[in-house]
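These numbers come from the heavy atoms of this one structure, side chains and all, not from hydrogens, waters or symmetry mates.
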Amino acid sequence: MNTRLPLPFRLPYRLVAATALTVLALVGCTGSGGSASASESPSSRPATSSPPQSAPAPDPTATTAPGTPSATASAPGSSSPLPGFSDLQPLWPFTTVDQAREWEREFRSGGHQPWHLDPEQTALSFTRHYLGFEEVDRVTSRSVDGREARIGVGLSGTESTGTAAVIHLVRFGTGPDAPWEVVGTDDTTFSMTVPAYGSVARSPMTVGGRITGVDESVRVDVRQPSSRDLLGTSCCMSAGGNSQPWRSSVSFTGAVDPVLTVVASTGGHIAEVERFTVTAVRTG
């Protein structure tokens, strides 16, 4: 598959859809959105950014809890596994289970940042403030099943099916106040299959997948939750056709978090970013 807190698109005819992931046996994340209907159920979508087997989003840059990633950089390889989801990687907003638990304590004592309990607001904040895709500012679909959620996000002013990506989230913890955590995206017509979800990242990194579209321009960024700055970027590669392969190479430096976010985006027809896909890679 392919599925940061701080930081901050668009073909109405291109949509993102999701693949079925069983609650009892999850496998990674790797991908983006495509042109399936936003009303499609995750089980009907063919590709996934997870491992095999409309209120405006809050701005996390305004107030950040001491335990959130922007204030606490984690050492490489120190990421705790997601309780109950051992094959998934924590992308954003928390990098370790200790950070998630610290937020829970602060929420119980003073109601700090309650949006962590809302999968829609978490998905929008991830898209707009972490990835920086500010124009992707509305929820296009919602599917919540127990401790998992898949939230479609898209551009305002486009059709209800204009989904840029379907964000895959899980609850980071087992208690009633466990916050939502982004772990990847579910993909259809724009996917990222390389690097493998959860693999160890090395620079330069080969990135690739498949895409359906016309005159697409693919950009690849590497990010980490503890930093506002990009670790690396590669722009832009021309692509298009019907489920055609795309491939790029990106170099990156400055990685300190245990899990990095690799994001590929395409657009340029009606917006800078019209579709995107993300995956998770480890630094050690």
Side-chain angles (χ1 to χ4, degrees), residues 1-4 7-19 29-42 44-50 54-59 91-92 115 118-144 148-169 180 182-192 209-219 221 239-240 261 263-279:
M1 158 170 130
N2 308 351
T3 40
R4 330 164 165 190
L7 274 187
F9 315 17
R10 321 182 192 200
L11 294 174
Y13 57 88
R14 294 190 181 90
L15 316 169
V16 180
T19 301
C29 292
T30 55
S32 98
S35 41
S37 169
S39 62
E40 235 179 350
S41 65
S44 66
R45 296 174 179 128
T48 178
S49 66
S50 305
S54 193
D59 184 351
L91 278 176
W92 189 93
W115 61 269
D118 186 334
E120 293 188 8
Q121 298 230 18
T122 301
L124 284 174
S125 193
F126 169 77
T127 302
R128 302 186 65 211
H129 303 307
Y130 178 55
L131 300 184
F133 303 155
E134 294 182 345
E135 294 182 54
V136 183
D137 58 359
R138 69 183 181 90
V139 171
T140 60
S141 65
R142 172 189 172 97
S143 174
V144 179
E148 286 190 85
R150 288 173 172 82
I151 306 297
V153 295
L155 301 166
S156 292
T158 59
E159 299 175 5
S160 61
T161 53
T163 299
V166 176
I167 311 298
H168 183 190
L169 308 95
W180 288 99
V182 175
V183 295
T185 55
D186 285 355
D187 306 325
T188 51
T189 61
F190 183 34
S191 66
M192 192 192 320
R210 290 190 173 273
I211 190 169
T212 294
V214 179
D215 296 329
E216 302 296 333
S217 179
V218 179
R219 172 187 175 119
D221 294 328
T261 304
V263 52
S265 59
T266 183
H269 301 85
I270 62 172
E272 182 183 356
V273 175
E274 296 160 356
R275 289 181 291 168
F276 66 91
T277 169
V278 305
T279 194

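- Taking both residues in full, the closest heavy atoms of A149 and V144 are given as CB-CG2, 3.9 Å, listed atom of the first, atom of the second, then distance.
- Of the candidates T188, T163, T189, R275 forms a side chain to side chain donor-acceptor pair (under 3.5 Å) with just one, namely T189.
- Here the closest non-hydrogen pair linking M192 and A264 is CE-N, 3.6 Å.
- Distance OG1/T127 to CD1/I167: 4.0 Å, rounded to 0.5 Å.
- Here the side chains of F190 and V218 are in contact, with some heavy-atom distance below 4.5 Å.
- Here the CD1 atom belonging to I151 is positioned 8.0 Å from the CG atom belonging to D118, to the nearest 0.5 angstrom.
- Closest non-hydrogen pair, L169 versus A123, comes out as CD2-N, 4.2 Å.
- Expressed to the nearest 0.5 Å, how far CH2 of W180 lies from CH2 of W115 amounts to 14.0 Å.
- For the residue pair L124 and D137, the shortest heavy atom distance occurs at CD2-C, 3.7 Å.
- Side-chain atoms of F276 and V153, non-hydrogen and from C-beta on, do get closer than 4.5 Å to each other.
- Remark: side-chain polar atoms of H269 are paired, donor with acceptor, to backbone N or O of V214 under 3.5 angstrom.
- R150 has its side chain out of reach of S141: every pair of non-hydrogen atoms, C-beta onward, lies at least 4.5 Å apart.
- Here the closest heavy-atom approach between residue G240 and residue E216 is recorded as CA-CG, 4.5 Å.
- A distance of 12.0 Å separates CZ of R138 from CD of E120, quoted to the nearest 0.5 Å.
- Considering CG of L131 and OG of S265, their distance stands at 9.0 Å, rounded to 0.5 Å.
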